[in-house]
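Lettering follows sequence order; numbering is per chain, from 1.
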Protein chains: 2
Amino acid sequence: MARPRIKDVARLAGVSEKTVSNVINDYTHVSDRTRRVVRDAIEELGYRVNLAGRHLRQGRTGIIALVIPELDVPYFAELARHVVREAERCSLTVLIHQTAADRDHELAALSGFGSSFVDGVILSPLALTPDDLRDRADAPPTVLIGELLEEGADHVAIDNEKAAREATAHLIGLGRRRVLVIGGRSDTGQGTAQARTRGYRAALAQAGIAYDPAALLPVESFRMPDGAEAVTRALREGARPDALLCLNDQLALGALRALYEQGVRVPEEVAVIGFDDVEAGRFSVPTLSTVAPDKGAVAKVAVDLLRRRMDEAAGSPAAGASPAAVRSPQDLVVAHSLVLRESTEGIARVPRPGAGTGSAPVAPTPSQRTPGISNS
Amino acid sequence: MARPRIKDVARLAGVSEKTVSNVINDYTHVSDRTRRVVRDAIEELGYRVNLAGRHLRQGRTGIIALVIPELDVPYFAELARHVVREAERCSLTVLIHQTAADRDHELAALSGFGSSFVDGVILSPLALTPDDLRDRADAPPTVLIGELLEEGADHVAIDNEKAAREATAHLIGLGRRRVLVIGGRSDTGQGTAQARTRGYRAALAQAGIAYDPAALLPVESFRMPDGAEAVTRALREGARPDALLCLNDQLALGALRALYEQGVRVPEEVAVIGFDDVEAGRFSVPTLSTVAPDKGAVAKVAVDLLRRRMDEAAGSPAAGASPAAVRSPQDLVVAHSLVLRESTEGIARVPRPGAGTGSAPVAPTPSQRTPGISNS
DNA sequence: AGCCAAATGTACATCGATGTAAAAACGAGC
DNA sequence: GCTCGTTTTTACATCGATGTACATTTGGCT
């Protein structure tokens with residue numbers, strides 16, 4: 001009645017345990033007849049391999065961890081979906097772990113959850129310092145996404161500086177001159193926020209617009225309430241922006257809400273643009289222009305790179321043999337595009353026809369996406 | 001250089017392997033001195049237990065699976081966060097698995113991913129049939145959340161029928177008479193959608209309003225595009241609702257967008273109410289009234305129940321001894337409340353003051369929640 | 001001092017699957 | 001029929017941690 005073991009299969013099939021193992025693992029030299037007999041026995045007993053035994057023997061689990069700050073931030077959730085799909089293709093299981101942007105949690109993830117039961121880690125760090133990355137000794141292969149911390153670790157992301165430059169340039173091209181940056185940071189760190197802020201400044205410089213440090217509105221975290229609060233406070237303090245560059249879509253959606261509450265029209269008075277292209281931005285009122293990273297590509301590139309690292313780790317434990325070209329840390333850049341929607345374009349809204357709605361709508365369907373300006 | 005084993009710790013500490021194991025597992029009869037020596041050795045070597053070995057020996061992994069249809073549906077993401085937090089308290093790790101509402105994936109999850117490497121499963125099924133639940137033989141302990149499939153399985157959810165009745169009654173109380181149900185289903189299944197539809201009909205009946213089957217708008221899935229499409233189509237076909245009961249917030253948010261595009265004012269012309277209380281509904285324009293399940297409670301109750309089942313499974317493999325009271329399937333109901341926001345209340349918006357925003361805002365801050373009508 | 005019970009530590013087998021090395025079976029060629 | 005070279009199969013050790021059963025030490029008491 002208990003779960004059958006390989007031993008039970010062997011007994012039923014009248015062969016040794018190893019032969020059963022050979023059949024399971026598609027070992028070459030097994031006669032067709034034996035293979036069939038064993039298969040039948042497996043079928044009859046409903047046998048399935050026990051991962052614990054295999055793991056102990058082989059030292060691998062087939063599980064990789066995806067470590068992200070918050071599950072309920074749509075960008076991470078959407079990314080997670082892609083990573084899971086991608087991993088499934090290589091029959092890897094993804095263990096999703098949230099760190100709540102907590103350094104200890106991220107550290108734990110880096111070293112494989114205090115035990116080697118994941119074969120690799122894809123980590124989106126928020127609170128780690130470059131130092132943390134250095135003193136990991138026996139950590140599993142790791143690929144970072146999103147934040148660029150420093151040389152020394154594999155990393156996949158879009159060109160954040162360039163993307164921010166393009167987005168800002170677009171706002172300037174619309175005639176906007178007073179662009180606030182929600183979530184902007186002036187320090188010279190390696191984080192995404194800093195890179196995007198640099199891009200913003202580059203665009204200003206290119207257009208010959210003076211940079212005002214007060215245009216950077218810091219936020220506690222990158223969620224809707226923070227965006228709303230930052231904008232509300234800025235307006236209350238007398239800011240008169242004609243555009244907002246929000247460093248992610250959550251901030252932008254919060255900002256849209258705050259602008260609405262303050263009676264500021266978007267995009268007529270203030271244009272708004274975000275980052276990430278989350279689904280909610282396609283249905284907000286107004287719909288949200290945004291920098292769209294190719295999430296599928298981020299996931300694919302990250303998983304591919306991680307797999308290479310895992311193979312290396314497994315293949316040559318006594319390192320050195322493999323070509324330095326692959327072993328040296330990779331910093332891979334993924335494509336992004338600028339998706340323009342109502343929050344920057346000012347698509348005319350259907351005038352209110354009393355309660356009637358018989359006429360065909362003029363506004364675009366929300367799912368309709370502007371082709372966008374693709375980067376290299 | 002390789003990862004240290006228990007053997008290495010034992011050698012360094014000058015004790016047997018078992019003693020090290022005893023220290024690690026807080027066995028009672030270990031002298032303080034020995035304990036300290038072993039602890040120091042562990043510290044010095046940076047030893048950490050290997051899960052594979054422990055798992056093989058104990059037959060447990062300390063991992064539970066949370067199986068949900070889609071990670072990027074905010075409700076599931078928010079729920080997942082709570083489940084992870086709750087599990088962390090009992091030092092359980094959560095493996096999140098998405099099924100894409102695919103029956104095969106859900107089945108695989110039910111039987112523990114083709115191997116016994118998770119100790120338990122919390123499953124939010126969408127495509128499973130009651131039959132599937134019956135023929136699972138050696139599946140790990142399982143708790144269902146959300147959908148009520150049938151007797152025979154542990155289950156945690158809000159009282160969906162009652163919640164829908166309350167929500168509908170509230171709409172009727174606002175004077176609305178033509179309430180459409182986005183995502184409504186008239187069949188007599190055990191799903192959430194059916195339960196909510198029954199609640200809707202009950203409320204109509206109670207108010208003496210005739211039920212029109214055409215008021216149920218079926219959807220392909222429960223996401224924003226589906227909500228938008230359903231509403232757009234209904235309006236185009238001549239429907240003249242004065243309220244929408246959307247069976248989740250995603251549908252409602254899509255509906256809000258569609259109504260906006262059609263020039264229909266919310267809530268003046270059409271009141272809208274959703275289910276789930278996702279964060280986006282607190283920042284939409286207008287903000288979204290919704291049935292708010294106590295997600296923290298759902299997570300807590302589900303994890304607690306699962307732990308009981310896991311203990312039972314571990315304690316008495318040859319069942320029978322434990323009291324039937326606990327072993328019989330539980331069907332636990334969690335509290336919900338009705339959160340009223342702009343989409344039903346019609347809070348006055350600040351009139352557009354040109355570009356000025358100097359005056360204090362009148363609208364409530366988005367995070368401000370109406371206390372709500374709590375159920376039992 | 002002498003004894004007994006409780007406290008503490010150890011050797012060894014075990015969980016399940018698989019790599020290793022070697023035995024057994026098979027087939028071809030003379 | 002016998003040898004040699006392959007193919008197929010097997011016995012056994014192994015991965016790392018821990019339960020079992022027993023050995024040893026400790027301490028309290030008479």
Query raised in the report: Is B:N50 reaching over with its side chain to a backbone N or O of B:A52, donor-acceptor style, under 3.5 angstrom?
Result: yes

**Report entry** Check: A:I6 main-chain N/O paired with A:E17 side-chain donor or acceptor under 3.5 Å
**Finding:** no

Between [N] atom [atom2] and [X] atom [atom1], what is the distance in whole Å?
{"X": "B:R11", "N": "D:dA17", "atom1": "CZ", "atom2": "P", "value": "13 Å"}
{"X": "A:L56", "N": "C:dG19", "atom1": "CG", "atom2": "C1'", "value": "13 Å"}
{"X": "B:N50", "N": "D:dA17", "atom1": "CG", "atom2": "C1'", "value": "8 Å"}
{"X": "B:N22", "N": "D:dA17", "atom1": "CG", "atom2": "P", "value": "14 Å"}

Query raised in the report: Hey, which of B:R308, B:K300, B:R307 is the one that makes side chain to side chain donor-acceptor pair (under 3.5 Å) with B:D304?
Result: B:K300

Query raised in the report: Between B:R85 and B:E88, is there a salt bridge with N-O shorter than 4.0 Å?
Result: no

Regarding [X], tell me which of base, sugar-phosphate or nothing describes its non-hydrogen contacts under 4.0 Å with the strands shown.
{"X": "B:S31", "result": "sugar-phosphate"}
{"X": "B:Y27", "result": "nothing"}
{"X": "A:R57", "result": "base"}
{"X": "B:V20", "result": "nothing"}

Report summary line: Side-chain atoms of B:V30 come closest, of C:dG9, D:dG16, D:dT10, to C:dG9

